[in-house]
Amino acid sequence: MSDNASLNVIGSESEINHLKPHVNPNDIFWRSPRRDPFWQRIPAWADVDEDTFKEFKWQEKNAITTPDKLMKAIQDLASSEFIEDVRTGFAKAPMAVRISPYLLGLIDWENPYEDPIRRQFLPVGSQLESDHPMLTLDSLHEQSDSPVPGLTHRYPDKALFLALDTCPVYCRFCTRSYAVGLNTEEVEKISLKASMERWSLIFKYIESRPELEDIVISGGDAYRLKAKQILEIGHKLLDIPHVRRFRFATKGLAIQPMKILSDHEWVDALTEISDRGRKEHKEVCIHTHFNTAAEVTGFSQDACNLLFERGIKVRNQTVLQHGVNDTNETMFALSKSISYINVQPYYVYVHDLVQGTEDLRTTVASAARLEKHLRGATAGFNTPMFVVDAPGGGGKRDAHSYEYYDRETGVSVYTAPSVKADAFFAYYDPLRSLSSDVQEAWHDEKKRTEMLGDAIENARKNHL
Ligand SMILES: *Cc1c(COP(=O)(O)O)cnc(C)c1O
Ligand code: SF4
C-alpha cells in the first residue's frame with residue numbers, strides 16, 4: 001500500500017463522528033490578544049507611538065500618582081462627576097495612588113464605573129462600603145509571625161521575604177497595605193526598605209533554619225528591585241544549600257509588561273539566576289498577578305513568550321473581587337487567557353479583610369461556585385486552587401475545606417493542623433451579602449461575640 005492510500009483511510013472525513021457541536025471561532029478569543037494602539041484613546045497620549053509606549057522608562061515617567069495627573073491625562077474622557085468621585089475615593093483610601101499608563105489605557109472609558117481595571121486601582125467614593133467590624137490592619141498576622149523584620153516564617157518549610165515596600169502600581173486590595181506604599185491620610189505605614197543591611201539579617205535567619213527550602217521574594221514588588229539587587233538576592237539564596245526553590249513575586253507582567261521587553265539588564269539578571277538555579281537543580285520562577293482577561297494584551301504575550309524562551313516558569317495568583325472577576329465567565333476568560341501565554345493559574349484568593357475594600361470582597365460561597373464551574377473546563381494543572389488566607393495567621397486554606405460555614409452570619413471557620421494545631425480561624429463574608437438584621441448585629445459587640453462563638457463551637461463539633 002502506498003503512503004497516499006493509507007493517508008486516505010486515516011483521513012476520511014466521513015468516518016469522523018462529531019459528537020460535540022463545532023465551536024464558534026469567535027468564542028476562542030484568548031488566542032488573539034489585542035494589539036491595537038488602545039492607549040491613543042487617552043487624549044494626553046493620542047500621539048504616542050508604539051515604540052515609545054513600549055519603553056518601560058516612558059511607562060514609569062508617565063505613571064499616574066494623583067487625581068490631578070489623572071485629570072490631565074484623561075481630560076474629557078470621563079465626566080467631572082466621575083473625577084470628583086475618584087477624588088473622594090482617593091482621600092478615603094488607605095493606599096497610595098499609582099497606576100501605569102498601560103492600565104489606564106486599558107480601562108473602558110465609556111463605562112468607567114463598571115470597568116474591572118478601574119475598580120481595582122481607582123477607588124470612587126460613591127462605591128465605597130464601610131469596613132467589616134472584624135477587620136484589623138494586619139489581618140493575616142504577618143508581623144506577628146516575623147522572627148526578623150521583613151521575614152514571615154509561618155509554614156514549616158517556606159518563608160516570605162519582604163524585600164522592599166514599593167510597587168510599580170498600588171492596588172486597592174493590597175493585603176500589605178500596612179507596609180506598602182507611602183503613608184496616606186488614613187494609614188501610617190511600617191517601613192521595609194530595600195537594603196543589603198536589612199536583608200543580611202534575613203539571610204542569616206534563613207541560613208540558620210535548615211528546614212527552609214522555599215523562599216517567596218515579595219514586598220512590595222520584585223519589579224522594583226534593581227538588576228543588581230536581583231543578582232545579590234538570587235546568588236545569596238542559591239548559595240544556601242538547603243534553599244531548593246524561590247519565586248520572585250511581581251505584579252509587573254500584568255500591569256507593565258514593557259519592562260520585560262525593554263529592560264534588558266533586568267531580564268538578563270533574572271535569567272542569570274534562573275540559569276544558575278537550573279544547573280544546581282533548584283527552581284527559580286516568577287509569581288505574577290493577573291486578575292482579569294482585560295489585562296492580557298499582545299504586550300503580555302510577547303513578554304511571557306520571552307520568559308518562556310528563557311526557561312523561566314511563571315505562575316499566577318489572582319485576588320477574587322466583586323465586579324472584577326467573580327462571574328463564571330470572567331474567571332474562565334482569565335484562566336484561558338493566561339494559560340494560553342504559558343502563565344499557570346495557581347491560586348485565586350478570596351479577598352482578605354483589608355481596610356477600605358469592603359466593596360471588592362466576595363463570599364466564600366462565590367469562590368466555591370467559581371471553582372465548581374472552572375474545574376473540568378480546562379487542564380487540571382491550569383485550574384487554580386481557590387483559597388482563603390485565614391485571618392489570624394492560619395495561612396492559605398482550600399476555600400471548600402471549612403469546618404463550618406454559616407451563610408446567614410457569613411462566618412466560615414477553618415483549621416490548619418500543620419500550621420497552627422488546635423486553632424480555629426474565622427473568615428467573614430462581606431456585610432453586603434447578609435440580611436439587614438445580621439448586618440446590624442455585626443455592629444453590636446455582644447452579638448458579634450455570640451455569632452463568632454457559635455460558629456467556632458459548631459466547627460469544633462463538626463470537624464474531621
Ligand atoms: C503564601 C505564603 C507563602 C507561600 O505559600 P505557597 O502556598 O507555597 O504559595 C509562604 N509564606 C507566607 C507567609 C505566605 O503567606
Ligand atoms: S503590587 Fe502587590 S504588593 Fe504592590 S500594591 Fe499591588 S498587591 Fe500590594
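Order of listing sets the numbers, starting from 1, for every ligand and every atom in it. Position 1 is the first residue of the sequence, and the numbers go up from there.
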Task: Spacing of CD belonging to E265 relative to CG belonging to L231, to within rounding of 0.5 Å - done: 8.5 Å

Task: ligand 1 versus R247: contacting region, heavy-atom distance under 4.0 Å - done: side chain

Task: Atoms in ligand 1 with a heavy atom of Y346 nearer than 4.0 Å - done: 6 (P), 7 (O), 8 (O), 9 (O)

TODO: Would you check if the distance from the ring center of F82 to the ring center of Y113 is below 6.0 Å?
DONE: yes

N/O donor to acceptor pairs below 3.5 angstrom from side-chain atoms of residues 376-388, sequence neighbours left out:
| unit_1 | atom_1 | unit_2 | atom_2 | d |
| --- | --- | --- | --- | --- |
| T383 | OG1 | A379 | O | 2.8 |

TODO: If the plane angle is over 60° it's perpendicular, under 30° parallel, otherwise tilted; pick one for F299 and W39.
DONE: tilted

TODO: Mark up the atoms of ligand 1 that fall under 4.0 Å of a heavy atom belonging to K396, in ascending order.
DONE: 1 (C), 2 (C), 3 (C), 4 (C), 5 (O), 7 (O), 14 (C), 15 (O)

Task: Polar contact flag for Y347 and ligand 1 (N/O pairs, less than 3.5 Å) - done: yes

Open item on the list: Suppose I only count heavy atoms of T152 and a 4.0 Å limit; which atoms of ligand 1 are within that range?
Closed with: 13 (C)

Task: Ligand-side contact atoms (ligand 2) for residue partner G220, heavy atom cut-off under 4.0 Å - done: 3 (S)

Task: Where ligand 2 meets K251 - atom numbers and elements under 4.0 angstrom, heavy-atom basis - done: 1 (S)

TODO: Enumerate the atoms of ligand 2 whose separation from the nearest heavy atom of D221 is less than 4.0 angstrom.
DONE: 1 (S)

Task: Residue of the set E309, R310, H264 for which side-chain hydrogen bond (donor to acceptor under 3.5 Å, both in side chains) holds with T271 - done: R310

- [ ] Verify the distance test for C171 against atom 4 (Fe) of ligand 2: any N/O/S atom under 2.8 Å, yes or no.
- [x] no

Open item on the list: So if I count the atoms of ligand 1 from 1 in the order they appear, which ones are less than 4.0 Å from some heavy atom of L160?
Closed with: 11 (N), 12 (C), 13 (C)

Open item on the list: Looking only at distances, can you tell me whether any N or O atom of Y155, backbone or side chain, sits closer than 3.5 Å to an N or O atom of ligand 1?
Closed with: no

Open item on the list: Applying salt bridge (charged side-chain N to carboxylate O under 4.0 Å, His left out), can you list everything that pairs with D239, at least two apart in sequence or on another chain?
Closed with: R276

Open item on the list: Can you tell me how the ring of F53 sits relative to the ring of F38, calling it parallel under 30°, perpendicular over 60° and tilted otherwise?
Closed with: perpendicular

TODO: Report yes or no: is the cationic atom of K259 (NZ for Lys, CZ for Arg) closer than 6.0 Å to the six-membered ring centre of Y223, at no more than 45° off its axis?
DONE: yes

